[in-house]
Amino acid sequence: MKISVSTIVLTLLLIVFFTSTAFAQCTITSQMDGTDTTWANYSTLGNTFIPSCSGSISTITVRVVAGTSVTNGTLNVYNGDYPSSSKILYTQEGINLSSSDGLITLTSSVPITAGNKYCFTIKNSAAFKLYCENYPSRHPDGIKGIKWGAVFNFYVVDFVISVVAGGGSGSDVPTLPLLGYLLLAALLIGLGVHGVRRKQRF
């Protein structure tokens, strides 16, 4: 059975497209100077976030202040920006965090949609501190720090966080498309050379 060059090219284009969609990722970050910890000494802390891509959350990272820690804590991710009135999408227990390791790797898929509001909380048995920034003028609209299950009322506090999501559409950091395009280009060149050689034979 003969397979035409056009069929091969179309198949590769589809592979590249789905690869770029399925393996892309985006990172939602709050990168203030993170030096103000005045309002961050509570046993439940968290932050709201608005993803720029659709997909599933893979990791959440926070900056824990030295001298405090989370031991066997609980992570909750909510569909909404107010924990007490939002649906819990995900719960993970056994969270341990310190000043040298603020990374939480989720053990199950948590689907999110670009542009929607979400939030997470970390509940500990004792009070702990996260680095934050409480200057509203440098604070993105709709992004707030959370304590005790309610959004801060004193200041617009924003904790230093990083939420990584992937596997969906609209992602801003594609991981494999470039490789796919290079492979496609190499194959097309190879097919072209092969075609020229066949013509020269005849």
Side-chain angles (χ1 to χ4, degrees), residues 24-65 68 70 73-95 97 102-173:
Q25 69 178 30
C26 66
T27 303
I28 306 99
T29 59
S30 165
Q31 296 177 333
M32 307 290 190
D33 59 35
T35 57
D36 189 336
T37 61
T38 304
W39 302 105
N41 194 22
Y42 298 92
S43 60
T44 299
L45 297 173
N47 221 81
T48 65
F49 63 94
I50 302 174
S52 60
C53 69
S54 298
S56 297
I57 301 172
S58 57
T59 63
I60 295 174
T61 304
V62 295
R63 286 185 60 197
V64 181
V65 177
T68 68
V70 174
T74 300
L75 168 73
N76 284 323
V77 180
Y78 301 84
N79 184 16
D81 60 354
Y82 204 83
S84 60
S85 59
S86 300
K87 178 182 177 180
I88 295 180
L89 294 177
Y90 179 79
T91 298
Q92 182 171 320
E93 298 180 343
I95 302 298
L97 303 172
L103 174 67
I104 303 172
T105 300
L106 277 61
T107 56
S108 298
S109 175
V110 183
I112 57 175
T113 302
N116 287 0
K117 291 182 179 181
Y118 299 91
C119 65
F120 69 87
T121 58
I122 300 168
K123 184 178 181 180
N124 194 37
S125 58
F128 66 103
K129 291 183 178 183
L130 298 179
Y131 283 104
C132 65
E133 179 63 71
N134 69 354
Y135 292 95
S137 61
R138 290 185 282 174
H139 177 86
D141 290 339
I143 309 298
K144 297 183 177 70
I146 296 168
K147 71 172 182 70
W148 291 102
V151 176
F152 269 107
N153 294 318
F154 311 108
Y155 294 96
V156 183
V157 175
D158 190 19
F159 292 110
V160 179
I161 67 165
S162 174
V163 179
V164 177
S169 60
S171 304
D172 56 7
V173 187

Show your reasoning for whether side-chain contact (heavy atoms from CB on, under 4.5 Å) applies to Asn47 and Asp158. CA-CA 7 Å; Asn47 221 81; Asp158 190 19; 3.0 Å; yes

Do Ile60 and Val77 pass the side-chain contact (heavy atoms from CB on, under 4.5 Å) test, and can you show the C-alpha distance, the side-chain angles, and the key distance before you say yes or no? CA-CA 10 Å; Ile60 295 174; Val77 180; 4.3 Å; yes

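Residues satisfying the side chain to side chain contact (heavy atoms under 4.5 Å, CB included) test with Ser162, not counting sequence neighbours, are Thr27, Thr29, Thr61, Val164. In this structure Thr59 satisfies the side-chain hydrogen bond (donor to acceptor under 3.5 Å, both in side chains) test with no other residue, sequence neighbours excluded. Every residue two or more places apart in sequence or in another chain that forms a side chain to side chain contact (heavy atoms under 4.5 Å, CB included) with Ser43 is listed here: Trp148. Checked against side chain to side chain contact (heavy atoms under 4.5 Å, CB included), Thr107 has the following partners two or more places apart in sequence or in another chain: Tyr90, Gln92. Thr91 meets the side-chain hydrogen bond (donor to acceptor under 3.5 Å, both in side chains) test with Asn76; sequence neighbours excluded.
With contacts defined as side-chain heavy-atom distances shorter than 4.5 Å, the pair Leu45/Phe128 qualifies.
How far NZ of Lys117 is from CZ of Phe49: 13.0 Å, rounded to the nearest 0.5 Å. In this structure, CD1 on Ile95 lies 5.5 Å from CG on Leu75, to the nearest 0.5 angstrom. Rounding to the nearest 0.5 Å gives a distance of 7.0 Å between CG of Asn116 and CG of Asn79. Of the inter-residue distances, the one linking Thr44 atom OG1 with Ile146 atom CD1 reads 10.5 Å to the nearest 0.5 angstrom.
When all heavy atoms are compared, the tightest approach of Leu97 to Leu103 is CD2-O, 3.9 Å. Heavy atoms only, all atoms of each residue included: Cys132 and Phe159 are closest at CB-CD2, 3.3 Å. Closest of all the heavy-atom pairs between Val65 and Leu130 is CG2-C, 3.9 Å.
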Table please: side-chain donor-acceptor pairs of residues 118-125 below 3.5 Å, with sequence neighbours left out.
residue: Tyr118; atom: OH; partner: Thr113; partner atom: N; Å: 2.8
residue: Asn124; atom: OD1; partner: Thr71; partner atom: N; Å: 3.1
residue: Asn124; atom: ND2; partner: Ser69; partner atom: O; Å: 3.1
residue: Asn124; atom: ND2; partner: Ala126; partner atom: O; Å: 2.9

